[in-house]
Participant: 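The structure follows.
Every value quoted in this text rests on a predicted model; they were computed, and no experiment measured them. Only this structure's heavy atoms are used, side chains among them; waters, hydrogens and symmetry mates stay out.
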Amino acid sequence: MQHTFEISKELENILTELIITCTNQAIKSQYIVSKEWLSLSEAAKYAGVSNNTLVKFRNMGLKVCEIDGIKRVSRKEINRFLEDYSL
């Protein structure tokens, strides 16, 4: 049995914007997950922490690569660090 229903143009526009926003967020998340080397802000997002907490992690031993002022963190290093501090 198939049901049909009508929605207003306003609701259609809201739903369209919501779908576009969610799709863009998913694409950005996948982009970060697929990169091996992350910027510090990407690394914080990947680890699910704030930028300040990432600084604390660095002070606790998270290894950061720095070349000519450019800082990058590998996903493997973030995973290793979090594993080391897991209970």
Participant: Nearest 0.5 Å please: distance from the CD1 atom of Ile19 over to the CG atom of Leu15.
Facilitator: 6.0 Å
Participant: Got a donor-acceptor contact below 3.5 angstrom from the Thr21 side chain to the Glu17 backbone?
Facilitator: yes
Participant: Using a strict 4.0 Å threshold on nitrogen-to-oxygen distance, state whether Arg80 and Glu83 make a salt bridge.
Facilitator: no
Participant: Sort out for me which residue in Leu18, Thr23, Thr16 forms a side chain to side chain contact (heavy atoms under 4.5 Å, CB included) with Ile20.
Facilitator: Thr16
Participant: For the atom pair CD (Glu36) and CG (Leu38), what is the distance rounded to the nearest 0.5 Å?
Facilitator: 7.5 Å
Participant: If you compare all heavy atoms of Leu54 against all heavy atoms of Ala43, which two are closest, and at what distance to 0.1 Å?
Facilitator: CD2-CB, 4.0 Å
Participant: Of Lys71, Arg72, Lys76, which meets side chain to side chain contact (heavy atoms under 4.5 Å, CB included) against Trp37?
Facilitator: Arg72
Participant: Report yes if the side chains of Asn51 and Ser41 come closer than 4.5 Å at any heavy-atom pair, otherwise no.
Facilitator: yes
Participant: Once you round to the nearest 0.5 Å, how far does NZ of Lys45 lie from CG of Leu40?
Facilitator: 12.5 Å
Participant: Within the supplied structure, the quantity of interest is the number of heavy atoms (other residues, nucleotides, ligands) at a distance under 6.0 Å from Glu66 CD; does it exceed 12?
Facilitator: yes
Participant: Can a donor-acceptor pair be found, under 3.5 Å and without considering hydrogens, that links the side chain of Glu42 to the backbone of Ser39?
Facilitator: yes
Participant: How long is the gap from CG on Leu82 to CZ on Phe57, to the nearest 0.5 Å?
Facilitator: 6.0 Å
Participant: Any chance you could measure Asp84, atom CG, to Met60, atom CE, to the nearest 0.5 Å?
Facilitator: 10.0 Å
Participant: Taking atom CZ of Phe81 and atom CZ of Arg58, what is their separation to the nearest 0.5 Å?
Facilitator: 11.5 Å
Participant: Can Tyr46 be reached from Val55 by stepping across I, L, V, M, F, W or Y side chains whose heavy atoms are under 4.5 Å apart?
Facilitator: no
